[in-house]
Amino acid sequence: MSESVEKEERKPRHFIQQMIHRDLDEGKYGSGIVTRFPPEPNGYLHIGHAKSICLNFGLAQEFGGICNLRFDDTNPLAEEDHYRIAIEKDVKWLGFDVEDRTYFSSDYFDQLYLWAIELIKLDKAFICELSFEEMAEYRGNPKEPGKFSPSRNRPIEESVDIFERMQAGEFKEGTYTLRAKIGMTSSNMHMRDPILYRIQNAAHYRTGDKWKIYPMYDFTHCLSDAIEGITHSLCTLEFEVHRPIYKWLIDQLPTPSTPYQREFAKLNINYTLLGKRVLKKLVDEQLVDGWDDPRMPTLSGMKRRGYTPTSIRNFCDRVGVAKRDNVIDLSLLEFSIREDLNKIADRRMAVLNPLKVVITNYDENGEELLDAVNNPEDETRGSRQIPFSNTLYIEKEDFMEDPPRKFFRLGPDREVRLRYAFFITCNEVIKDDSGEVVELRCTYDPLSKGGKSPDGRKVKGTMHWVSAKHCVDAEVRLYDRLCQVEDPASEKPEEGFGDVLNPDSLKVIKAAKLEPSLVEAKEEEPFQFERMGYFCADRDSSDDKLIFNRTVGLRDSWAKMGGKK
RNA sequence: UGCCCUGUGGUGUAAUUGGUAGCACGUCUGUUUUUGGUGCAGAAGGCUUCUAGGUUCGAGCCCUAGCGGGGCAACCA
């Protein structure tokens with residue numbers, strides 16, 4: 001292979017891909033790599049998790065390995081089964097098939113318990129009876145070393161005995177903990193005799209009341225990885241300080257494999273709140289319509305809003321993987337969804353803010369069907385027919401009585417094209433008592449049917465429209481960013497949202513006028529309402545009430561010029 | 001101020017040490033167009049790649065220090 005060809009084939013690789021390449025070259029993993037996505041079932045997945053999912057499943061695909069879905073469910077207080085169900089659904093929706101590889105840390109509790117006892121017997125762990133407050137005091141701080149627990153030299157047999165009795169339910173919460181015996185001087189607080197097990201009398205959503213003690217994250221995660229034969233355990237940067245304890249435990253115990261942990265920077269997006277606690281707060285305080293509110297950055301919310309799995313995966317690709325903190329511009333997300341929807345969404349006409357137009361020279365009782373292309377980007381989508389009559393609706397903002405120079409739309413004595421229909425000229429403007437324009441009287445050119453004039457004359461503007469006689473009403477929900485501040489997380493939203501939330505994040509249009517074919521729209525089926533943006537039917541729709549969500553608007557260079565608003 | 005991570009155009013991310021530091025988004029031009037969408041063509045952007053030293057024939061890549069950003073002291077994950 002020539003050098004130039006090699007060069008062309010070389011794609012930019014992030015540091016984790018490079019690391020795996022190295023590992024594979026060294027023959028470390030003959031049977032291929034194994035990764036995992038390890039959510040805690042205590043909330044819904046959001047776009048930040050999508051980055052991790054795409055990374056872990058993507059790596060497995062790329063290197064011919066597998067990726068497990070493992071619920072890291074070691075805290076019965078926070079976890080619930082409906083979260084587990086939602087998470088499984090979201091992962092699948094995103095486009096990753098876990099097949100039979102759904103696992104639970106809680107399924108490893110027996111093995112973990114045995115290993116805990118083994119660790120005690122190795123004199124690498126002990127039962128501590130410091131109270132919560134004492135523990136904090138003994139821990140010291142990052143600058144000063146901590147002090148040994150008075151329980152640290154408890155005889156091994158005694159620790160084993162207490163540990164077993166903890167599980168037997170003999171003690172109250174908070175009375176005892178199992179701690180690793182590492183030392184109290186590390187500058188890494190997580191290495192100062194960290195807690196491995198605590199007593200918790202809560203019932204677990206999967207194991208019920210079988211367990212009175214539950215293993216901590218640090219004890220559980222590495223050992224669960226080892227049980228599953230994970231080769232590359234990838235997590236976000238804040239777990240970097242946990243790496244030594246991860247390695248320490250793997251080193252102490254006779255685990256079936258020796259995985260290692262590597263960290264990458266989590267995703268941040270401006271004007272967007274990511275973080276399960278805060279999102280849960282939005283839900284709990286009913287500031288949004290549940291976890292799947294279309295304004296939420298959750299996968300279920302984005303799905304309801306009309307985002308496609310493809311667009312989210314592409315977004316995650318473009319975002320990259322590195323170790324420095326990053327803030328992705330919301331426009332990259334919008335680009336990714338427009339890119340996909342432009343290719344796949346059928347076009348329809350819908351008037352959001354209707355203005356009545358009467359075609360004075362068109363037969364009052366007449367009507368006809370006109371051909372309209374479904375998707376100019378995809379010929380295989382064919383075409384449909386839309387009804388035309390003498391009374392139409394056009395978009396209010398497509399008419400100006402006193403238009404500025406660059407306004408290409410309708411005005412008095414101007415001629416424009418109605419898309420797929422005819423050229424019309426505005427002859428008369430009718431206003432109500434308050435002076436508001438309420439109706440336009442226009443004439444049409446019968447020869448311009450389909451939108452082309454036989455004499456070759458051009459018009460500058462093309463507008464969407466709908467036949468008043470045939471159209472259907474619908475509610476349309478227009479969304480804007482949920483947060484009005486660029487870096488909402490810095491406003492301490494966990495303490496209160498203050499003015500971080502955008503009061504105009506939802507605008508409801510009660511009676512938009514839609515092309516009749518839209519009554520058939522199915523939930524999440526994407527449409528482009530020509531010139532207005534991408535929309536999909538909301539799950540709140542019923543037989544007698546259509547409701548559409550705007551996924552995202554079209555790029556709008558007219559608005560950018562200041563033409564609108 | 002203890003330790004760890006990190007610092008490349010507005011944003012994000014590349015670059016086997018050596019030809020004008022690439023790509024994407026965004027921005028701006030022009031062009032096509034029955035969507036002021038898409039497509040196409042192109043441009044701009046205080047680039048001593050945070051700063052200062054050092055190693056080297058040669059450093060964005062290595063070393064040291066400084067500065068900036070982030071993280072760590074939950075019986076959460």
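Letters go in sequence order (proteins before strands), and every chain restarts at 1.
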Original post:
Taking atom C1' in both C72(B) and U64(B), what distance in whole Å separates the two?
Top reply: 25 Å
**OP:** Quote, to the nearest angstrom, the P distance that separates C23(B) from A59(B).
**Re:** 25 Å
Original post:
What nucleotide among C75(B), G36(B), G69(B) has an atom nearest to a side-chain atom of F407(A)?
Top reply: G36(B)
Subject >> Presence of salt bridge, K460(A) and E415(A), under 4.0 angstrom >> reply: no
**OP:** For C61(B) versus U6(B), give the span between their C1' atoms, rounded off to a whole number of Å.
**Re:** 15 Å
**OP:** May I ask you to say what R419(A) touches in the nucleic acid, namely base, sugar-phosphate or nothing, with a heavy-atom cut-off under 4.0 Å?
**Re:** base
Original post:
So, W558(A) and G36(B): ring centres less than 5.5 Å apart, planes less than 30° off, yes or no?
Top reply: yes
**OP:** Please determine which of L55(A), L234(A), L45(A) meets the side chain to side chain contact (heavy atoms under 4.5 Å, CB included) test together with F37(A).
**Re:** L45(A)
Subject >> Euclidean distance for C1', C4(B) against U48(B) (whole angstrom) >> reply: 30 Å
**OP:** Mark this stacking check for F408(A) against G36(B) as yes or no, applying ring centres under 5.5 Å and ring planes under 30°.
**Re:** yes
**OP:** Compare side-chain N and O positions of R555(A) against OP1 and OP2 of U27(B) and report whether any pair is under 4.0 Å apart.
**Re:** yes
**OP:** Under a 3.5 Å limit for both distances, which nucleotide forms a Watson-Crick or G-U wobble pair with C62(B), could you say?
**Re:** G54(B)
Original post:
Mapping K449(A) and V241(A) onto RNA chain B by nearest heavy atom, which one lands closer to the 5' end?
Top reply: K449(A)
Original post:
Which sits closer to the 5' end of RNA chain B, H242(A) or G140(A), going by the nucleotide each is nearest to?
Top reply: G140(A)
**OP:** For G18(B) versus U13(B), give the span between their C1' atoms, rounded off to a whole number of Å.
**Re:** 23 Å
**OP:** Evaluate the criterion side-chain hydrogen bond (donor to acceptor under 3.5 Å, both in side chains) for residue pair S383(A) and N374(A); output intermediate values, then yes/no.
**Re:** CA-CA 5 Å; S383(A) 62; N374(A) 280 329; 6.0 Å; no
**OP:** With P as the reference atom in both, quote the distance from A43(B) to G7(B) in angstrom, rounded to an integer.
**Re:** 30 Å
Subject >> Who pairs with U8(B) - Watson-Crick or G-U, where each distance is under 3.5 Å >> reply: none
**OP:** Pick base, sugar-phosphate or nothing for V459(A), based on heavy-atom distances below 4.0 Å to the nucleic acid.
**Re:** nothing
Original post:
How far does the P atom of G46(B) sit from the matching atom of G69(B), given to the nearest Å?
Top reply: 23 Å
**OP:** Scan P39(A) against the nucleic acid and name what it touches under 4.0 Å (heavy atoms): base, sugar-phosphate only, or nothing.
**Re:** nothing
**OP:** May I ask you to verify if any side-chain N or O of S336(A) is less than 4.0 angstrom from the OP1 or OP2 atom of C25(B)?
**Re:** no
**OP:** State which of A77(B), G2(B), A24(B) makes the closest approach to the side chain of E40(A).
**Re:** A77(B)
**OP:** Side chain of L332(A) only, please: which of G37(B), A77(B), C25(B) is the nearest?
**Re:** C25(B)
Subject >> Nearest-Å distance once atom P is located in both G26(B) and G39(B) >> reply: 10 Å
Original post:
Across the strands shown, which category fits S186(A) at heavy-atom distances under 4.0 angstrom: base, sugar-phosphate, nothing?
Top reply: nothing
**OP:** With heavy atoms under 4.0 Å as the rule, sort K452(A) into base, sugar-phosphate or nothing.
**Re:** base
